[in-house]
Amino acid sequence: HRLERQLMVLTALCLVVSILGYGAYTAKQQTDLARATITAQMTALAQNLATVNAYFMVTNDLASIEAIAIQTATVPGIFSVLVTDTAGKPLSEVVNQNGRWSPRFNIEKVTVPTEVKPITYTEEASASATQRDFLAGHSGKIAAWHPVSSGSPLGWVRVSYRLDSFDQTARAIWAQALLVIVLAIVATLGLLAVLLRPPMRALREATQFAAELDQTLGAKLPVSSRAAEIQAL
């Protein structure tokens, strides 16, 4: 019985560790993919807004800049779309508060990327660095910057995403992975118990026969049903 328990525990432990490792790896891959998808969506949005806003910045049509930002900022979790001049002075900003987009008037300069290249810059800020903006949430934010140009630099577009939304997505992924892991472990252990029962019974019979061999001289070890099936095959 002790050997049977040891075999069951050892085999079950190996299977559980394998399932847990694979489940955690899969959940980590899905979480990284979700983060990469969000970053790609922010990058695409910043690039599109920079292309469209070039004309409106030349004509100083701030109302159209706000309207375009409100219409295109559809990625869940984005809380701010800011357009600045080359020095970082805000020209237009729309923010999402409780699902409603509205302009926010702010004259405080922001720090813009130092190099003006036709690429999108992404930066991540912790919650401690974004507490002055209550819309950024409690987990920090990711910002995507893209330059606006029309022959010469005109300014920047910044798309800001609150990491609180990503945390919810990550928790949902891990909760689903944990559920799958638990179901897989239960099913695997149940199947293992069923498969090991016949050989364990045969092992117990052989062990008992060996223990009583000096008392049962001339006796024969009965063939277990499992061994009989094997011999019949």
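Residue numbers count from 1 along this sequence. We use all heavy atoms of the structure for the numbers below, so side chains are in, but hydrogens, waters and symmetry mates are not. Computed from a predicted model, the values in this text were never measured in an experiment.
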For this session: Any salt bridge (Lys or Arg N to Asp or Glu O under 4.0 Å) involving residues 38-49? Give me the pairs, sequence neighbours left out, ordered by first then second residue.
Result: none
Seminar exercise, completed: Heavy-atom nearest pair, A24 first then I181, reads N-CD1, 4.2 Å
Seminar exercise, completed: Heavy-atom nearest pair, A27 first then A177, reads CB-CB, 3.7 Å
Seminar exercise, completed: Heavy-atom nearest pair, A54 first then L154, reads O-CD1, 3.7 Å
Seminar exercise, completed: Rounding to 0.5 Å, atoms OG (S92) and CG (L49) come to a distance of 10.0 Å
Problem set entry | Stepwise side-chain contact (heavy atoms from CB on, under 4.5 Å) test for L45 and Y161 | CA-CA 12 Å; L45 178 58; Y161 175 90; over 6 Å; no
Exercise. Do I78 and S160 come close enough that some side-chain heavy atom pair is under 4.5 Å?
Worked result: no
For this session: Sorted by first residue and then second, give each side-chain hydrogen bond (donor to acceptor under 3.5 Å, both in side chains) pair with at least one member in residues 59-73; sequence neighbours left out.
Result: D61-S64
Problem set entry | L62 side, atom CG; E93 side, atom CD - distance, nearest 0.5 Å | 13.0 Å
Exercise. Between CZ of R162 and CG of D164, what distance do you get to the nearest 0.5 Å?
Worked result: 4.5 Å
For this session: Using the side-chain contact (heavy atoms from CB on, under 4.5 Å) rule, pick out the option among T84, L82, L91 that qualifies with W156.
Result: T84
Problem set entry | Atom of V83, atom of M57 and distance for their closest heavy-atom approach | CG1-SD, 3.9 Å
Problem set entry | Selection residues 31-54 - residue pairs positive for side-chain hydrogen bond (donor to acceptor under 3.5 Å, both in side chains), sequence neighbours left out | K28-D32, T31-W174, R35-E124, Q47-T120
Problem set entry | Single-linkage hydrophobic cluster L20~L183, side-chain heavy atoms < 4.5 angstrom | no
Problem set entry | Straight-line distance of R104 CZ to Q97 CD, nearest 0.5 Å | 9.0 Å
For this session: Write down the atom of I68, the atom of F56, and the distance for their closest heavy-atom approach.
Result: CG1-CE1, 4.0 Å
For this session: Answer yes if I173 and L163 sit in the same cluster of Ile, Leu, Val, Met, Phe, Trp and Tyr residues linked by side chain heavy atoms under 4.5 Å apart, and no otherwise.
Result: no
For this session: Would you check if the side chain of Y121 reaches a backbone N or O of T114 as a donor-acceptor pair within less than 3.5 Å?
Result: no
Exercise. Does V116 share a hydrophobic cluster with V157, counting links as ILVMFWY side-chain heavy atoms below 4.5 Å and allowing steps through other members?
Worked result: no
For this session: Any chance you could measure R171, atom CZ, to F166, atom CZ, to the nearest 0.5 Å?
Result: 10.5 Å
Seminar exercise, completed: Looking only at heavy atoms, the pair that brings V112 and G88 closest together is CG1-CA, 3.5 Å
Exercise. Quick one: do V182 and V16 end up in the same hydrophobic cluster if we chain Ile, Leu, Val, Met, Phe, Trp and Tyr together by side-chain heavy atoms under 4.5 Å apart?
Worked result: no
Problem set entry | Reported CG-to-NZ distance for the pair D85 and K109, which is rounded to 0.5 angstrom | 7.0 Å
Problem set entry | ILVMFWY cluster, I65 and V94 together (side-chain gap under 4.5 Å) | yes
